Amino acid sequence: MLTGKQIAVVVTGGIAAYKVPGLVRRLIKAGASVRVALTPAAERFVTAETLEVLTKYPVLREGVAYPDPVAHIALADWADVSVVVPATANSLGKMAQGLADNEALSSLLANQGPVVFVPAMNHKMWANAAVQRNVARLRADGHYVLEPGYGFLAEGYEGKGRMPEIEEIHAGIEAFFACQNLDRPLDLTGQRLVISAGGTEEPLDPVRYLSNRSSGKMGTALAHVALLAGAQVTLVQTPSAQSLPALPGITTRQVTTAQELYTAMHEEIQSADILVMAAAVSDYRAAQASEQKIKKQDQAQGLQLDLAENPDILASLPKDQAFVIGFAAETQHVVDYARQKLEKKGAHMIVANDVSQAGIGFASEDNAVQIVTPTDVLAVAKQSKYGIAAHILAQALKERK
Ligand code: CTP
């Protein structure tokens with residue numbers, strides 16, 4: 001959620017600007033207050049009137065009166081963050097150079113904190129060396145630049161340059177606030193993170209499976225926060241996590257069963273700095289999955305399922321390669337059980353949550369956890385899974401030193 005956040009949406013002149021009203025609506029629905037600035041070129045793609053109706057506030061643009069006479073400074077001072085969406089190659093270039101030849105870009109130069117850029121352009125322009133140099137410059141200056149997606153472009157063919165989907169931009173903004181809302185901003189530059197998310201599915205027959213209530217939201221939030229913090233991220237998704245948006249720039253790998261997850265994690269840990277087992281693994285699978293659908297009339301005496309134990313992936317992973325973080329879903333004695341899991345599975349850190357409490361844990365947007373290390377227990381109060389993710393990763397960096 002973005003409750004109480006004040007977001008300036010700065011629109012520059014690309015065709016993807018036509019999607020901005022949808023983004024603005026979504027941010028408002030998530031609890032944010034939104035004000036908009038349009039460059040002259042953006043006004044050719046989206047109208048100020050539409051955005052004024054949605055935000056209930058005048059749009060900052062050339063030659064039109066604004067509620068404050070020093071308009072660009074007023075907008076920058078008001079905003080907790082400015083999000084440039086879509087960010088054209090031209091505007092990225094100007095900002096990398098500190099140039100501002102219109103009201104909207106002037107407001108960006110007046111920002112005290114980092115700006116979030118959401119580039120969208122033709123894939124050949126995105127690949128251009130000068131554009132990449134400008135993106136690197138902006139990142140080095142402490143700004144956040146989301147990767148464009150791969151997909152259908154306005155030109156009528158596919159390529160990397162597409163504006164991320166609205167729900168992905170929303171996720172990126174949540175992750176941005178989570179990275180910033182710590183004692184000091186989370187920085188994972190140069191780190192490779194591997195994160196598993198969701199619940200495994202163990203087939204019983206071609207139409208049925210054993211699984212659990214894991215939604216994949218915690219693991220996906222970890223991946224988004226790690227990406228925004230500058231890490232190279234691989235997200236290993238079970239089916240429940242595959243339906244959640246994953247920001248472009250995250251490498252995804254898809255698995256279904258615990259055994260597939262086992263293979264994926266053992267391969268991925270080879271080049272990982274930090275590995276997080278956020279997936280809820282089914283402890284058991286059918287000893288022999290039926291090739292045909294199990295029929296009801298064949299089971300006059302009720303159905304007996306013969307289950308075989310799955311490998312414990314966390315316990316089996318090498319611990320000398322990467323900093324390994326596990327989770328513990330408990331309904332009682334939360335810290336004691338987490339300590340036992342830390343020791344038994346040889347993890348460097350266990351994130352314990354009480355899944356019996358309503359409003360946190362499985363499937364909800366929020367969580368409250370205890371981070372258990374060999375020497376410490378750190379309680380992280382109830383907050384969004386993005387906030388929890390940032391605390392977990394910040395603690396991992398501290399512990400690893
Ligand atoms: N885990 C795993 N492989 C399994 C079971 C669990 O890698 N076969 C990992 C989970 O990803 C999590 C941690 O171990 O990071 C703890 O999972 P949890 O379900 O809480 O614990 P279990 O070991 O299954 O123990 P129990 O169900 O008895 O509490």
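Ligands are counted one by one from 1 in listed order, and the atoms in each one are counted from 1 as well. Heavy atoms only: backbone and side chains are in, while hydrogens, waters and symmetry mates are out. Values in this document were obtained by computation on a predicted structure and should not be read as measured data. By convention here, the first residue in the shown sequence is residue 1.
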Nearest heavy-atom approach of Leu54 to Ile28 is O-CD1, 3.3 Å

The answer, listing residues by chain and number that come under 4.0 Å of ligand 1 through any heavy atom, is Met277, Ala279, Val281, Asp283, Pro311, Asp312, Ile313, Leu314, Gly326, Phe327, Ala328, Ala329, Lys341, Lys345

| message | Assess whether a salt bridge exists between Lys5 and Glu174, defined as any Lys/Arg side-chain N lying under 4.0 Å from an Asp/Glu carboxylate O. | response | no

Could you give the side-chain donor-acceptor pairs of residues 314-334 under 3.5 Å, partners two or more places apart or in another chain?
| unit_1 | atom_1 | unit_2 | atom_2 | d |
| --- | --- | --- | --- | --- |
| Ser316 | OG | His266 | NE2 | 2.9 |
| Ser316 | OG | Asp312 | O | 3.4 |
| Ser316 | OG | Ile313 | O | 2.8 |
| Lys319 | NZ | Leu314 | O | 2.9 |
| Lys319 | NZ | Ala315 | O | 3.3 |
| Lys319 | NZ | Leu317 | O | 2.8 |
| Lys319 | NZ | Lys345 | O | 2.9 |
| Gln321 | NE2 | Gln270 | OE1 | 3.4 |
| Glu330 | OE2 | Lys341 | NZ | 2.5 |

Residues 105-115 vs salt bridge (Lys or Arg N to Asp or Glu O under 4.0 Å), sequence neighbours excluded, gives none

Here the salt bridge (Lys or Arg N to Asp or Glu O under 4.0 Å) pairs for residues 31-60, sequence neighbours left out, are Glu43-Arg61

### Message
Looking at Glu147 and Lys160, is there a salt bridge between them, counting it only when a charged N and a carboxylate O are closer than 4.0 Å?
### Response
yes

